There are 2 protein chains.
Amino acid sequence: MREKKYHHGDLKNALIKAGIEILSQEGISALSLRKVATKAGVSHAAPYSHFKDKQDLIASISSEGFNRIYEKLISRIKDISDDYPEIKLKEAALAYLEFALTDSDHFRITFSGIIEKDKEKYPEYIKSSLRCFTLVKNLVEECQQKGILEKCPLDEMTVAIWSLVHGFVSLLIDREFSHNLFEKETQQELLIKLLNKITLKEIK
Amino acid sequence: MREKKYHHGDLKNALIKAGIEILSQEGISALSLRKVATKAGVSHAAPYSHFKDKQDLIASISSEGFNRIYEKLISRIKDISDDYPEIKLKEAALAYLEFALTDSDHFRITFSGIIEKDKEKYPEYIKSSLRCFTLVKNLVEECQQKGILEKCPLDEMTVAIWSLVHGFVSLLIDREFSHNLFEKETQQELLIKLLNKITLKEIK
DNA sequence: ATCTAATCTTGACAATGTCAAGATTTTTTA
DNA sequence: TAAAAAATCTTGACATTGTCAAGATTAGAT
């Protein structure tokens with residue numbers, strides 16, 4: 001009777017996964033608790049055994065967002081030599097852009113799905129986001145040591161790099177840049193040009 | 001009978017204003033059509049005489065968001081001499097930050113309240129956002145002409161500046177920066193430091 | 001084997017977005 | 001100026017959704 005057992009087995013993760021699927025297929029406005037439950041094959045109130053409320057599920061989906069960004073960055077830079085930290089930085093930025101373009105609603109909910117004031121209630125979320133920030137920080141530190149980036153307080157430069165990339169990507173997926181701008185160049189090329197406005201040596 | 005007339009007179013704007021008030025007092029999650037209607041003193045379905053649906057009201061609230069940002073920037077830089085475009089740029093960035101911090105939910109909904117795909121349906125929104133972009137572009141152009149910013153394609157540098165400021169401000173109101181970071185310096189000071197990573201001459 | 005806690009279902013309720021029908025007011029037109 | 005048309009607003013209804021309470025079922029501990 002493996003097909004019809006009462007317990008799901010791993011419903012919590014199934015719900016998170018179902019939510020992320022809905023985000024990618026139908027967008028944020030279609031993300032309802034009941035639809036997530038149906039997609040996971042359980043009744044409409046089943047999620048309440050694993051999540052306090054909808055906000056709690058969104059917190060988990062957001063944490064998973066940071067985890068996926070982290071994994072994507074790691075797998076993109078893991079084979080790059082430490083001799084070229086600027087290439088790591090470039091590839092990390094491109095991976096960030098790629099995630100935002102591919103999973104735009106997941107990206108969006110990851111950054112503003114949780115009410116700012118309630119963030120302390122979700123330690124797992126804070127942990128996931130901090131891990132991403134630390135990863136970027138390490139990249140920036142490498143770049144500073146090899147003269148790619150100016151030597152200023154590490155947190156300061158990290159915030160500069162992250163803000164530039166995050167701002168560009170956010171404005172891009174929100175379509176704040178006119179369509180006819182940047183006809184010829186791709187979004188990837190433009191992002192690298194922006195990065196080069198901060199770096200001391202050119203990233204190609 | 002001025003007190004009890006059937007027609008409101010300017011209900012459309014009253015609804016937009018009521019919506020913005022709710023955003024500032026109770027946040028995005030509390031923004032419902034019915035509450036907006038009640039706040040404006042009309043019945044729950046009255047908004048449908050002026051807006052196609054909730055999304056349409058949000059589009060108007062978002063347009064007004066860009067208008068307020070525009071006005072805020074203008075009034076902040078209008079008295080600054082053309083001899084100091086870097087000060088204009090600095091004050092504009094600070095005004096942007098101030099709006100985001102003061103009206104964070106209005107800021108948030110302005111940038112991602114409208115479904116990206118549907119943006120073409122709201123020409124008023126596009127017009128308002130373009131006006132802001134153009135304002136920033138003019139500032140950037142002045143800075144390039146006076147040697148404050150590198151001379152590259154204007155749109156490219158505008159996107160760089162806007163992305164940096166917007167990214168920082170967005171991450172800030174989403175509390176993505178750890179609390180204990182940047183204890184000593186204010187957010188304003190930090191923003192200026194970030195800008196200085198792009199400018200050729202130091203902005204103080 | 002029994003007890004306890006975890007997990008899931010069913011049923012209910014209030015809030016919300018939306019529409020249809022109709023009332024009231026304003027504007028147009030003849 | 002009077003009738004017709006359009007705009008504005010209300011009331012009532014319905015489906016969707018978040019949430020909770022009560023109870024059924026299962027898993028794990030004693």
Side-chain angles (χ1 to χ4, degrees), chain A residues 1-23 25-62 105 109 113-115 117-118 121-122, chain B residues 1-23 25-62 105 109 113-115 117-118 121-122:
Chain A
M1 301 277 179
R2 189 174 292 171
E3 312 297 327
K4 283 186 177 182
K5 58 182 176 184
Y6 193 81
H7 277 250
H8 182 286
D10 191 19
L11 182 56
K12 182 166 186 177
N13 283 308
L15 290 168
I16 296 173
K17 220 170 183 176
I20 292 173
E21 258 186 61
I22 290 173
L23 282 177
Q25 291 168 2
E26 306 174 65
I28 286 186
S29 59
L31 184 72
S32 79
L33 262 184
R34 294 172 98 107
K35 191 177 285 186
V36 167
T38 302
K39 190 148 198 158
V42 291
S43 71
H44 65 260
Y48 285 86
S49 292
H50 301 276
F51 301 98
K52 183 181 167 292
D53 51 22
K54 188 184 183 185
Q55 199 53 230
D56 196 18
L57 170 63
I58 290 181
S60 287
I61 289 177
S62 300
D105 285 282
I109 217 170
I114 303 186
I115 312 300
K117 235 190 146 189
D118 295 351
K121 294 180 187 170
Y122 305 103
Chain B
M1 301 276 178
R2 189 174 291 171
E3 312 297 327
K4 284 186 179 182
K5 58 182 175 183
Y6 194 81
H7 278 251
H8 182 286
D10 190 20
L11 183 55
K12 182 166 187 178
N13 284 309
L15 290 169
I16 295 172
K17 220 171 183 176
I20 292 173
E21 258 186 59
I22 290 173
L23 283 177
Q25 291 168 1
E26 307 175 64
I28 287 185
S29 59
L31 185 72
S32 79
L33 262 183
R34 294 172 98 108
K35 191 177 285 187
V36 166
T38 301
K39 191 149 196 156
V42 292
S43 71
H44 66 259
Y48 285 86
S49 291
H50 301 276
F51 300 98
K52 183 181 166 291
D53 51 22
K54 189 183 182 184
Q55 199 53 231
D56 196 17
L57 170 63
I58 289 180
S60 288
I61 290 177
S62 300
D105 286 282
I109 217 170
I114 303 186
I115 312 298
K117 235 189 146 188
D118 295 351
K121 294 180 187 169
Y122 305 103

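A note on names: the letters A, B, ... follow the listed sequences, proteins ahead of strands, and every chain is numbered from 1. Just the heavy atoms: all of them, side chains too, but no hydrogens, waters or symmetry mates, feed the values below. Remember, predicted model here, so these are calculated numbers, not experimental data.
- For Lys35(B), the salt bridge (Lys or Arg N to Asp or Glu O under 4.0 Å) test picks out Glu26(B), with sequence neighbours left out.
- Residues forming a salt bridge (Lys or Arg N to Asp or Glu O under 4.0 Å) with Asp118(B) (at least two apart in sequence, or on another chain): Lys121(B).
- Judged as a salt bridge (Lys or Arg N to Asp or Glu O under 4.0 Å), and not counting sequence neighbours, the contacts of Lys39(A) are Glu21(A).
- In this structure, the side-chain contact (heavy atoms from CB on, under 4.5 Å) partners of His50(B), at least two apart in sequence or on a different chain, are Leu11(B), Lys12(B).
- Note on residues 53-62 of chain A: no pairs pass salt bridge (charged side-chain N to carboxylate O under 4.0 Å, His left out), not counting sequence neighbours.
- Residue Ser43(B) places at least one side-chain N or O under 4.0 Å from the OP1 or OP2 atom of dT10(D).
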*Going 5' to 3' along nucleotides 15-20 of chain D, which nucleotides have protein heavy atoms under 4.0 Å from the base (write B), which only from the sugar-phosphate (write S), and which from neither (write -)?*
--BBBB
